[in-house]
Amino acid sequence: MKQFLFLFAFAFTVQFVHSQENLPTDYLTKEFHQGRRDAFRALMPANSVAVVFSYPERVFSKDVDYNYHQNPDMYYLTGYKEPDAVLLLFKEPQGTEKYTEVLFVRERNATLETWTGRRLGTEGAKSKLGFTTVYNGKDFNGFAIDFKKFDKIIYDKSAPGIHDYTYNTADLFDLVKIFKSKAGITQESEASTDLFTNITNSLREIKTPEELVLMRKTVKLSCIAHNEVMKAVGPDMSENEADGIHAYIHRHYGAEGEGYHPILGAGANGCILHYGENNATKMDNQLLLMDVGSEYHGYSADVTRTIPANGKFTEEQKAIYQIVYDAQEEVFKICKEGTPIQDLNKKAKEVITAGLIKLGIITDPKDVKLYYPHGCSHFLGLDVHDKGNYMGTLKENMILTVEPGIYIPANSKCDKKWWNIGIRIEDDILMLKNSYENLSADSPRKWQDIEALAKQKSTFNDMKLPKI
Ligand code: GLY
Ligand code: MN
Ligand code: MN
């Protein structure tokens with residue numbers, strides 16, 4: 001809303017204070033975020049500083065921005081949800097005040113807050129987030145810090161915001177520019193700086209008890225949404241309408257939105273792995289692949305169910321579905337502490353290869369990649385594709401997806417009776433010492449259970465909306 005804002009902002013002379021009521025009570029606590037900073041600091045080498053930036057705001061259209069989403073690393077370490085911020089973490093106490101962390105935040109501005117929303121400001125960052133040393137972003141430039149005296153500067157070399165343009169004197173792009181110039185960082189030296197990734201991988205891949213509460217919630221409510229669509233869907237429903245049912249249910253249970261762009265692909269669209277147009281006006285008697293997960297207080301679910309829009313799988317659809325289901329079951333059996341993460345995909349590929357050969361869809365095992373072109377598992381958490389070490393082994397309290405799939409687009413080199421079948425089943429798996437817990441078990445996976453649920457009616461079927 002930038003231009004609109006500048007045109008009219010000056011007309012405002014009264015400066016309101018907007019108090020906030022009826023907020024959720026189950027956000028992560030400031031103690032959680034403080035604890036994560038301590039854990040990060042414990043992994044920093046001697047005489048080092050870590051620098052974390054917020055994500056930039058992005059234009060949706062002209063003077064309308066996308067809903068802002070914080071950099072998950074910044075959120076994890078601070079709880080701060082606004083743009084234009086930078087966090088400094090020091091291994092050893094600094095200055096006469098002996099601070100080990102400094103947060104630079106967006107400055108409060110009563111006029112702008114009336115237009116675009118509340119800001120925490122320096123005082124809020126102290127009282128609500130538990131920081132002691134907090135400044136406005138515009139003070140970053142004058143802040144007395146000699147980055148060059150540190151043996152190691154730890155920052156995310158892949159973080160967005162490395163641009164040369166600027167709108168004011170303390171936005172993200174300025175903060176990055178100031179940091180790079182103060183630290184003498186050039187393009188070449190950036191390449192050696194992946195300690196940040198190593199540290200955040202090792203922290204974020206293991207979920208704390210507080211995070212597990214939110215993960216259970218986001219996955220559970222996403223399953224309710226999947227189940228409701230299974231009941232409500234029919235050949236005349238559009239992909240976008242099914243998306244809307246998911247969205248409604250997410251928000252009903254307090255989720256802020258979705259953790260990634262929802263995939264609602266009917267028929268041929270289900271064979272496009274990250275299909276996102278969701279604009280088919282009806283599903284006819286095709287399969288609907290729905291890969292949709294809510295984001296609840298920052299934590300994303302990632303659940304896929306593939307269902308027949310008319311409530312009944314064909315024999316061909318069942319045969320492919322069963323292979324994907326069996327692949328998942330076999331992978332589940334090795335979900336426990338100690339299994340190399342790469343083995344999950346090896347196992348899924350093995351089962352899918354055998355299944356496709358048995359059905360005569362392929363003869364050469366190498367051709368499995370034509371119909372199963374992606375991996376089986378990724379970490380899940382603040383990011384849908386969360387941080388973690390993919391070359392390591394499974395550990396207790398990791399959460400990974402298990403998501404085998406088979407996609408047979410039209411004109412594939414197999415009997416055309418298989419064409420346009422795209423099936424993925426995706427569950428969110430909490431690793432335990434000797435086994436696992438399927439967090440998304442509330443949504444049926446067996447084709448028989450899906451058909452049974454599809455026979456039930458949904459309240460969405462009873463909506464009496466006027467025809468236009
Ligand atoms: N929803 C994206 C994925 O499954 O990886
Ligand atoms: Mn996934
Ligand atoms: Mn997914």
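Order of appearance sets the numbers: ligands from 1, and atoms from 1 within every ligand.
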Aromatic rings [X] and [Y]: how do their planes relate, parallel, tilted or perpendicular, breaks at 30° and 60°?
X: His297; Y: Tyr27; answer: tilted
X: Phe60; Y: Tyr66; answer: perpendicular
X: Tyr321; Y: Tyr325; answer: parallel
X: His385; Y: His378; answer: perpendicular

The Mn ion (ligand 3): angle it makes with OE1 (Glu426) and OD2 (Asp291), nearest 10 degrees: 100°

Ring center gap for His246 and Tyr248 short of 6.0 angstrom: no

Ring centres under 6.0 angstrom apart (Phe379, Tyr390):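 Phe379 vs Tyr390: aromatic centres under 6.0 Å.
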
Which N, O or S atom of Glu403 lies nearest to the Mn ion (ligand 2), by name: OE2

Atom of Asp302 closest to the Mn ion (ligand 2), considering N, O or S atoms: OD2

Nearest non-hydrogen partners of Gln328 and Pro404, listed with the distance: CG-CD, 3.5 Å

Protein residues having a heavy atom less than 4.0 Å from any atom of ligand 1: Tyr260, His274, Asp291, Asp302, His378, His385, Glu403, Glu426

Short side-chain to backbone donor-acceptor contact, Ser440 and Val219, under 3.5 Å: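 Absent.
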
Whether His385 has an N, O or S atom under 2.8 Å from the Mn ion (ligand 2):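 No, outside the cut-off.
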
